[in-house]
Number of protein chains: 2
Amino acid sequence: MQVATAVRVPAPARSAKVRPLRPLLHEVGRERVSCVTCNLRRICMPVDIVDPETKALFASLVSTRVRLRKGEVLFRSGEKFTGLFAIRTGSIKTVTATDDGAEQVSGYHLQGEIVGVEGIGNDVYACNAVALEDTEACTLPFDRIETLAHEDASFQRRLYRLLSSAIVRERTVTLMVGSMRAEQRLASFLLDLSNRYQARGYSPSEFVLRMTREEIGSHLGLKLETVSRLFSRFADEGLILVNGRVIRLLDRLALSQIVSAS
Amino acid sequence: MQVATAVRVPAPARSAKVRPLRPLLHEVGRERVSCVTCNLRRICMPVDIVDPETKALFASLVSTRVRLRKGEVLFRSGEKFTGLFAIRTGSIKTVTATDDGAEQVSGYHLQGEIVGVEGIGNDVYACNAVALEDTEACTLPFDRIETLAHEDASFQRRLYRLLSSAIVRERTVTLMVGSMRAEQRLASFLLDLSNRYQARGYSPSEFVLRMTREEIGSHLGLKLETVSRLFSRFADEGLILVNGRVIRLLDRLALSQIVSAS
DNA sequence: CGACTAGTTGAGGCCAGTCAATGTTGGTGG
DNA sequence: CCACCAACATTGACTGGCCTCAACTAGTCG
């Protein structure tokens, strides 16, 4: 209910000058920002940028960075599409709503991931993107993306891949929600997170969930009580350790067996 | 179970020369094929192609057409991505499978729609596309799409739109499957079909389902018995008329109220 | 005709939702 | 520092919607 509208008021002292259009976003001032030197490059924009020409192009891709506090909104559904955002630190949930008022957490995005892709062709964003913790994101203005894509074929490919991967990912979620039992969905969710943390160089067996039980449930098509019960049951069965939002996976094999069971 | 593997043997007399790589597909021989003169253009490729230069480009977009009989496969998951397909007549279901053997009908595509988009960035198709009836599809080889997109900005935009719309559509399905009750899902499915048929100039209130109850159920995350029961119940309540796969919507307002209920 | 597929309908069971009580945590102000 | 409150989380009891199993019908094809 209050998920999408939970825009906490930013600390007033933090930023003196408040922009009229995006009062909630704090631009990270003069800080030098470039994909070329970014250490998330291999996850975020895995294009070969040794070529000096490409390098020059890439240097102009990111204009500014934006800083969000927990609960603040990066973009809203229906807002004019201005570009993509790459998460540098922190994490973001995307919330999709229907006309009927139904609302669902459609995505949980970590460091190095790019959000906003569903807005590319339609001129408007199609979901709300909300910071789950203090988060920094690079802005990738769409005109620059277009230019770069037009001038560099490998980047163009990368952009296509970004979009089609999003389709495949959505489809996987649909399949999971549509054909799996609750325990399978949660196990699948945990293993997916584990893989993504591992790909980022973090421990695949211990991580902190940035979402509430209710948000996880919404994402998986379950109720919060069901999520809570399943965490407890997995813990009882020795598959995981649960300490609030800190999760340790003890038996990933067993979890994957649950996913593929019957 | 037999959904994806139900490749009926094509009539042997129909096509004398059998291609080695795609023995199941019948190319439509010398027939003149061009987007420029196609009467599905406004649905399929709504770009302005009055400009003579664009016209020339478009003339080269579609190379051949392919003819499928009911049950034949247009492309398979894992197969190398060669391009997109535009459905000229007939209809196609896309079936997505997980590693665990779980399988789900992920899409139901009508005349004028384009399938294969999820393969664009990944070099392989990510689902099986199966003809639900005798179907003709235009092949849009990816190299030509790339060329055209590079040379014509409005087509590039159209391509982005195609991809992002697919994301949004998938997300809608996820939301439906994840947060709606069975009757809401079926009502939503029927209304969606109604709208799409209307957009194609067909009756929005009477159409023929090309999928079995089981396939519909799979698409909506339900069992076939549930789908059947709901059809009967909607019919009892005077909302629809059911005669096998022929559906007539009697009260679309009531159906949309079911969708948005609670 | 027999075999098969698709669809309908009924009976019963189970998984997950609902409602409710209680515990835990983190932030705020006195 | 502690009391207090709100948000988050856990657990129990119960309900109900959908699944499962099963029987039966209708249509199709060889």
Side-chain angles (χ1 to χ4, degrees), chain A residues 1-3 5-9 11 69-71 93 102 104-105 130 132-134 176-187 208-236 240-247 258 261-262, chain B residues 1-3 5-6 8-9 11 69-71 93 102 104-105 132-133 176-187 208-218 220-236 240-247 258 261-262:
Chain A
M1 301 303 100
Q2 96 288 45
V3 171
T5 55
V7 182
R8 315 276 169 83
V9 180
R69 314 196 72 184
K70 183 177 172 182
K93 70 170 176 182
Q104 187 168 26
V105 175
V130 184
L132 291 164
E133 60 192 307
D134 290 7
M176 182 176 77
V177 172
S179 68
M180 284 184 177
R181 300 225 317 278
E183 54 174 13
Q184 296 177 298
R185 296 182 215 177
L186 190 64
V208 179
L209 296 171
R210 296 298 177 179
M211 297 205 287
T212 66
R213 303 289 190 256
E214 184 171 18
E215 288 163 335
I216 296 169
S218 168
H219 185 47
L220 301 177
L222 300 171
K223 290 292 148 183
L224 71 97
E225 295 94 331
T226 304
V227 174
S228 182
R229 267 185 254 274
L230 284 172
F231 273 135
S232 302
R233 215 180 78 198
F234 285 172
D236 286 348
I240 62 176
L241 274 180
V242 183
N243 186 5
R245 298 198 188 172
V246 182
I247 304 289
I258 286 179
S262 74
Chain B
M1 301 302 101
Q2 98 286 45
V3 170
T5 55
R8 314 280 167 83
V9 180
R69 312 198 73 186
K70 184 178 172 181
K93 69 170 177 182
Q104 187 167 27
V105 174
L132 291 164
E133 60 192 307
M176 182 177 75
V177 172
S179 68
M180 284 184 177
R181 301 224 315 281
E183 53 174 13
Q184 295 177 298
R185 295 183 215 177
L186 189 65
V208 178
L209 297 171
R210 297 297 178 180
M211 297 205 287
T212 66
R213 303 288 190 260
E214 183 170 18
E215 287 164 335
I216 296 168
S218 168
L220 302 176
L222 301 171
K223 290 292 149 183
L224 68 98
E225 295 94 330
T226 305
V227 174
S228 181
R229 269 185 252 273
L230 284 172
F231 273 134
S232 302
R233 214 180 79 199
F234 284 172
D236 285 349
I240 61 175
L241 273 181
V242 183
N243 185 5
R245 299 198 187 171
V246 182
I247 304 289
I258 286 179
S262 77

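Each chain gets a letter, A, B and so on, in the order its sequence line appears, and its residues count up from 1.
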Novice: Could you tell me whether the side chain of B:Q184 and the main chain of B:A261 form a donor-acceptor pair under 3.5 Å?
Specialist: yes

Novice: Tell me every residue that passes salt bridge (Lys or Arg N to Asp or Glu O under 4.0 Å) with A:R210, counting only those two or more places apart in sequence or in another chain.
Specialist: A:E133

Novice: Distance check needed: C:dG23 P versus A:N243 CG, whole Å only.
Specialist: 19 Å

Novice: Show, in sequence, the C-alpha distance, side-chain angles and deciding distance for B:L186 and B:I216, and conclude whether the side-chain contact (heavy atoms from CB on, under 4.5 Å) test is met.
Specialist: CA-CA 9 Å; B:L186 189 65; B:I216 296 168; 4.1 Å; yes

Novice: Between D:dT10, D:dC8, C:dG7, spot the one nearest the side chain of B:R245, thanks.
Specialist: C:dG7

Novice: Expressed as a whole number of angstroms, how long is the span from A:E214:CD to C:dT25:P?
Specialist: 20 Å

Novice: Looking at every strand, decide which applies to A:S228 at a 4.0 Å heavy-atom threshold: base, sugar-phosphate, or nothing.
Specialist: base

Novice: Can you tell if the side chain of A:V208 reaches within under 4.5 Å of the side chain of A:I247, non-hydrogen atoms only?
Specialist: no

Novice: Nearest whole angstrom, please: distance from the C1' of C:dT8 to the CZ of B:F234.
Specialist: 16 Å

Novice: Counting only N and O atoms by type, is there a donor-acceptor contact under 3.5 Å from the side chain of A:D134 to the main-chain atoms of A:R69?
Specialist: no

Novice: Which residues pass the salt bridge (Lys or Arg N to Asp or Glu O under 4.0 Å) test with B:R245, sequence neighbours left out?
Specialist: none

Novice: Just the rounded figure in Å: distance from P of D:dC8 to CZ of A:F231.
Specialist: 15 Å

Novice: Measure CG/A:L132 against P/D:dC8 and give the value in whole Å, please.
Specialist: 12 Å

Novice: Between N or O atoms, less than 3.5 Å apart, protein on one side and nucleotides 24-27 of chain D on the other: list the pairs.
Specialist:
none

Novice: What's the shortest heavy-atom distance between A:V242 and A:R213, and which atoms?
Specialist: CG1-NH2, 3.7 Å

Novice: Using whole Å, what does the distance between atom P of nucleotide D:dC19 and atom CZ of B:R213 come to?
Specialist: 16 Å

Novice: For every nucleotide of nucleotides 10-22 of chain C, 5' to 3': is a protein heavy atom under 4.0 Å from its base (B), only from its sugar-phosphate (S), or from neither (-)?
Specialist: BB----SSBB---

Novice: What verdict does the side-chain contact (heavy atoms from CB on, under 4.5 Å) test give for A:L241 and A:N243, after you've listed the backbone C-alpha separation in whole Å, the side-chain angles of each residue and the deciding distance to 0.1 Å?
Specialist: CA-CA 7 Å; A:L241 274 180; A:N243 186 5; over 6 Å; no

Novice: Got a sec, which residues hit side chain to side chain donor-acceptor pair (under 3.5 Å) with B:E183, two or more places apart in sequence or on another chain?
Specialist: B:R181, B:R233

Novice: Over how many whole Å does the gap from A:E133 atom CD to D:dC8 atom C1' extend?
Specialist: 17 Å

Novice: Could you tell me, to 10°, how much the axis swings from one end of the helix from C:dC1-D:dG30 to C:dG30-D:dC1 to the other, five pairs per end?
Specialist: 40°

Novice: In whole Å, what is the span from the CG atom of B:L220 to the C1' atom of D:dG17?
Specialist: 16 Å

Novice: Any side-chain N or O of A:T212 under 4.0 Å from OP1/OP2 of D:dA7?
Specialist: no

Novice: Side-chain atoms of residues 223-230 of chain B: list all donor-acceptor pairs with protein atoms under 3.5 Å, sequence neighbours left out, distances to 0.1 Å.
Specialist:
none

Novice: Quick one: closest heavy-atom pair of B:L222 and B:R185, and the distance?
Specialist: CD2-NH1, 3.6 Å

